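A short worksheet on the structure shown next.
Heavy-atom basis, side chains included; hydrogens, waters and symmetry copies ignored. Keep in mind that this is a model prediction, so the values were computed, not measured.
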Amino acid sequence: MKIGTPKEVMKGEARVAMTPDSARQLQKLGYDCIIESGAGDAAGYNDDTYKEAGVKIVKTAAALWKEADVVAKVRPPTEAELKKSREGQLLISFFWPAQNEKLMKQAADQGTSVIAMDMVPRISRAQKMDALSSMANIAGYRAVIEAGNNFGRFFTGQITAAGKVPPAKVLVVGAGVAGLAAIGTSTSLGAITYAFDVRPEVAEQVESMGAEFVFLDFEEEQQDGSASGGYASVSSPEFTAAQLAKFRELAPEMDIVITTALIPNREAPELWTKDMVESMKPGSVIVDLAAEKGGNCKMTVMDEKIVTDNGVTIIGYTDFPSRMATQSSNLYATNIRHLMTDLTPEKDGTVVHNMEDDVIRGATIAHAKEVTFPPPPPKVQAIAAKPKEKVKELTPEERRAQELAAFKGQTKQQVTLLAVGAALVLGVGLIPGMPASFMQHFIVFVLSVFIGFQVIWNVAHSLHTPLMAVTNAISSIIILGALIQIGSTSLLITLLGALGIFMAAVNIFGGFLVTRRMLAMFQKS
């Protein structure tokens, strides 16, 4: 079978659904690859690079639609493009079926099977095909770059001979894939970054990336705000009011605001209101990644950049992935290649459209002359974090009683260990002919073991490795004894001394090396 990619017809779209690398992988699955001439030019792939990858070049889109058994593209097809399809042909692209019911019905009537890349279920097995996440990742990164391009200062703070420059303050609303990408880019550029999300489980992710999570003093925030599809769920009116109140408090302080809150097939919620925009400083920037669905800021103009009366720039571009066409095409083409791998179980170049497969069924919106949208829920649901259990606050009396019980238990254990140690020393001392010098060293040894055990036992588990590494290095003072003994006239003692020096050296250098590596794990690069 043949898989082909036409040139995108939407104005400004620079991405392409097949790259030379993905074409090579598709050929390993048994497919012949064809592409319309010039389809990859805007993404940095000319016809010659495709020819080198074994891809056939056709001159027109009509010729490609006629020849290909599978057509892979980026944007939803236009009505004119869809008319070129035929019965039994498979179309793979973004489709947005809830907004394109007429096109979906047209495809079904023509007998064209359609797999919508925006409908790939968000389950673990389908992550490699999740084109929405791939594009959101790029959009989040690019949003920060666009904000920096329109912001009049550095992101990072500087102290120079000419004066002091404060770091920019960035607020990212929504910590999904796009939000996390924006957070990572913002912090790496040196900005003071804040983030908000209705899902409490993302707070640790945000903080691990060097940003500060914005918490609300609201009881509902402790509940789970996740929906089964891996997206945030709709909040209650009370929670939304508290959320907006918090944003109004933050708005005058923020230099850059990036909003990413969007659930597929729904209107974007309004999170940044007109009065918040008016309270922001002149020169501030808002990047609205939800502009295509009405925007999280209702002052956003889709596909345009505007400047408000108080000097705030609002960016409503919807083509962020297309502005990084090479990277976007690579990721999107890889998503399609993984999908084709699932559709070709025998790797013989033949599509097996298995409607019993959760991923294929979930993404298929038209098949066998029937509209199959909406799909049934996947058998494996996206896992949402369990709500945190409320911990009962202890009274001062209960806390003291708890501490006293723990102290008594620890004291009892120590007394037991001392008793066992004393019995052991006494038993060794009763052995006939035991020299007094040995007993002195043995007692010191037993006490060292006891103290060392108590020190290690009371240290947090996460610190065991660096602590043991340092104590190994420090305890290698025994190398001095080995150095003294190595000059002995006895060959056996000399060999044992050399062995002692070698092992002590391993302890010293290895201990500090391990400690250094452990500490490096907690340092920001």
Residue pairs passing the ring-ring contact (aromatic ring centres under 6.0 Å, His included) test where at least one lies in residues 271-310, sequence neighbours excluded = Phe247-Trp272

Is there a donor-acceptor pair closer than 3.5 Å between any side-chain N or O of Thr160 and the backbone N or O of Ala162?
-> yes

Please walk me through it: do Ser322 and Asp319 pass side-chain hydrogen bond (donor to acceptor under 3.5 Å, both in side chains)?
-> CA-CA 5 Å; Ser322 192; Asp319 62 344; 5.3 Å; no

Does atom NZ of Lys281 have more than 12 heavy-atom neighbours from other groups under 6.0 Å away?
-> yes

Contact check, side chains of Val351 and Met340, non-hydrogen atoms, under 4.5 Å | yes

For the pair Asn149 (side chain) and Ile145 (backbone), establish whether a donor and an acceptor sit closer than 3.5 Å, ignoring hydrogens and angles.
-> no

Would you mind reporting whether Val312 and Ile286 have side-chain heavy atoms less than 4.5 Å apart?
-> yes

Passing candidate, side-chain contact (heavy atoms from CB on, under 4.5 Å) with Asn296, options Thr273, Asp288, Thr260 = Asp288

Polar side-chain atom of Ser22 near backbone of Met18 as donor-acceptor pair, under 3.5 Å | no

Is a side-chain donor or acceptor of Ser329 paired with a backbone partner of Ala43 at a separation under 3.5 angstrom?
-> no

Please assess Ser134 against Asn335 for the test side-chain hydrogen bond (donor to acceptor under 3.5 Å, both in side chains), listing each intermediate value before the final yes or no.
-> CA-CA 8 Å; Ser134 297; Asn335 293 142; 2.9 Å; yes

Any donor-acceptor pair under 3.5 Å from Thr364 side chain to Ile360 backbone = yes

Check for a donor-acceptor pair, side chain of Asn46 on one end and backbone N or O of Thr49 on the other, with a separation under 3.5 Å.
-> yes

Could you walk me through whether Phe196 and Val172 pass side-chain contact (heavy atoms from CB on, under 4.5 Å), step by step?
-> CA-CA 6 Å; Phe196 175 82; Val172 179; over 6 Å; no

Does a salt bridge link Lys73 with Glu8, judged by any charged N lying under 4.0 Å from a carboxylate O?
-> yes

Do the side chain of Asn100 and the main chain of Phe95 share a donor and acceptor less than 3.5 angstrom apart?
-> yes

Is there a side-chain contact between Lys298 and Lys274 (heavy atoms, below 4.5 Å)?
-> no

Heavy-atom side-chain contact between Pro321 and Arg15 under 4.5 Å | yes

Answer with yes or no whether the side chains of Thr344 and Tyr31 bring together a donor and an acceptor at under 3.5 Å.
-> yes

Count the heavy atoms belonging to other residues, nucleotides or ligands that lie under 6.0 Å from CD of Gln158, then report whether that count exceeds 12.
-> yes

Minimal non-hydrogen separation, Ala147 against Val287, with atom names | CB-CG2, 3.8 Å

Would you say Thr300's side chain and Cys297's backbone share a donor-acceptor pair under 3.5 angstrom?
-> yes

Please examine the side chains of Met355 and His367, heavy atoms only from C-beta on, and report whether any two atoms are closer than 4.5 Å.
-> yes

For Val16 and Tyr45, which heavy atoms make the closest approach, and how far apart are they?
-> CG1-CD1, 4.5 Å

With sequence neighbours left out, which residue pairs that include part of residues 288-339 fulfil the ring-ring contact (aromatic ring centres under 6.0 Å, His included) condition?
-> Phe94-Tyr332

Measure the spacing between OG of Ser113 and CD1 of Ile92 and express it to the nearest 0.5 Å.
-> 10.0 Å

Hey, does the Lys NZ or Arg CZ of Lys7 hover above the aromatic six-ring of Trp65, less than 6.0 Å from the centre and inside 45° of the axis?
-> no

Do Asp69 side-chain atoms and Ile3 backbone N/O form a donor-acceptor pair below 3.5 Å?
-> no

Distance-minimising heavy-atom pair for Lys369 and Gly111 = CG-CA, 3.6 Å

Return the set of residues passing side-chain contact (heavy atoms from CB on, under 4.5 Å) with Arg24 (not counting sequence neighbours), or none when no residue passes.
-> Pro20, Asp21, Ala53

For the rings on Phe215 and Phe213, is their centre-to-centre separation under 6.0 Å?
-> yes

When you check the side-chain N and O atoms of Ser133 and Arg122, is any donor under 3.5 Å from an acceptor?
-> yes

Atom pair CG (Leu82) and CE (Met104), whose distance is rounded to the nearest 0.5 Å = 11.5 Å

Say you draw a straight line from CG of Asp342 to CE of Met129; how long is it, rounded to the nearest 0.5 Å?
-> 3.5 Å

Contact summary for Phe151 and Gly283, nearest pair of heavy atoms = CD1-O, 3.6 Å

Quick one: does Val257's side chain get under 4.5 Å of Met280's, heavy atoms only?
-> yes

Within 6.0 angstrom of Glu207 CD, more than 12 heavy atoms from elsewhere | yes

Tell me, do Gln127 and Arg125 make a side-chain contact under 4.5 Å, heavy atoms counted?
-> no

Kindly check if the number of other-residue, nucleotide or ligand heavy atoms within 6.0 Å of CG (Asp275) is above 12?
-> yes

Non-hydrogen atoms of Pro121 and Ala126 that approach each other most closely | O-CB, 3.3 Å

State, to 0.1 Å, how close Val206 and Ala195 come at their nearest heavy-atom pair, and which atoms those are.
-> CG1-CB, 3.7 Å

Is the closest basic N to carboxylate O distance between Lys246 and Glu249 below 4.0 Å?
-> yes

Scan side-chain atoms only and decide if Gln110 and Ser85 contain a donor-acceptor pair under the 3.5 Å cut-off.
-> yes

For residues His353 and Ile115, determine if any side-chain heavy atom of one lies less than 4.5 Å from a side-chain heavy atom of the other.
-> yes

Between Asp303 and Thr318, is any side-chain donor less than 3.5 angstrom from a side-chain acceptor?
-> yes

Between Ser284 and Asp255: side-chain donor-acceptor atoms closer than 3.5 Å | no

Determine yes or no for a side-chain-to-main-chain donor-acceptor pair under 3.5 angstrom, with Asn310 supplying the side chain and Ser279 the backbone.
-> no

Count the heavy atoms belonging to other residues, nucleotides or ligands that lie under 6.0 Å from OH of Tyr194, then report whether that count exceeds 12.
-> yes

Determine, for Lys305 against Glu146, whether the closest basic-nitrogen to carboxylate-oxygen distance falls under 4.0 angstrom.
-> no

